[in-house]
Amino acid sequence: MRFFLRNLELILTSVGLLVVFVTSAVATSLGLDHWKTATLAAVVVGLVHGVLFWVVRRRQRTIREAAFHEIQAMLSDIINNQLAIIEFSGHTTPKDQRPNTRFIDHISTSIGIISQSLRTLSEESLTSWRNKYDSRPR
């Protein structure tokens with residue numbers, strides 16, 4: 001089954017070509033126009049392929065989005081827990097020390113940016129991030 005799914009496009013294309021050739025051969029043996037029959041079979045095979053590929057691609061997209069949301073939830077949970085610890089530790093200082101409000105503001109801003117990035121994580125933001133680094137000279 002795994003082999004079939006990995007090579008779905010090649011298998012369906014091969015079967016489609018086989019259908020066109022067999023249909024053409026049968027048409028020729030029945031005395032029908034070889035080219036018209038082959039053309040009609042190719043159009044039908046093309047339509048079936050188009051619908052099948054669309055269904056498979058839509059299913060793959062749905063599965064990918066579900067996995068993406070699950071990963072987002074996992075990362076969000078782990079990172080937000082750790083950020084809460086960092087934020088809490090920035091507000092607790094020994095009694096003899098005054099808290100560095102500028103440092104705490106920077107931490108809070110960074111925490112906000114990280115949390116916002118996690119909430120808006122998507123396939124589009126991933127593509128944007130990749131493009132940002134792919135366009136840099138190496």
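- By the rule that hydrophobic residues join a cluster once side-chain heavy atoms approach within less than 4.5 Å of another member, F4 and V48 end up as members of one cluster.
- Shown here is F68, whose CZ atom has more than 12 heavy atoms of other residues, nucleotides or ligands within 6.0 Å.
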Practice item. Go through the steps to decide whether Q60 and V56 satisfy the test side chain to side chain contact (heavy atoms under 4.5 Å, CB included), and finish with yes or no. Key: CA-CA 6 Å; Q60 287 175 334; V56 168; 4.0 Å; yes

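- In this structure, the side chain of S24 does not engage the main chain of V20 through any donor-acceptor pair within 3.5 Å.
- Closest approach of V45 to G16, counting heavy atoms only: CG1-CA, 3.5 Å.
- The CG atom of L32 sits 11.0 Å away from the CG atom of L40 when rounded to the nearest 0.5 Å.
- V51 has its side chain out of reach of L47: every pair of non-hydrogen atoms, C-beta onward, lies at least 4.5 Å apart.
- Distance CG/L52 to CG/L8: 7.5 Å, rounded to 0.5 Å.
- Under a 3.5 Å cut-off, the side chain of H49 and the backbone N or O of L12 do form a donor-acceptor pair.
- Once rounded to the nearest 0.5 Å, the distance linking OG1 of T62 with CZ of R57 reads 11.5 Å.
- Each of V22 and V15 belongs to its own hydrophobic cluster when Ile, Leu, Val, Met, Phe, Trp and Tyr are linked at side-chain heavy-atom distances under 4.5 angstrom.
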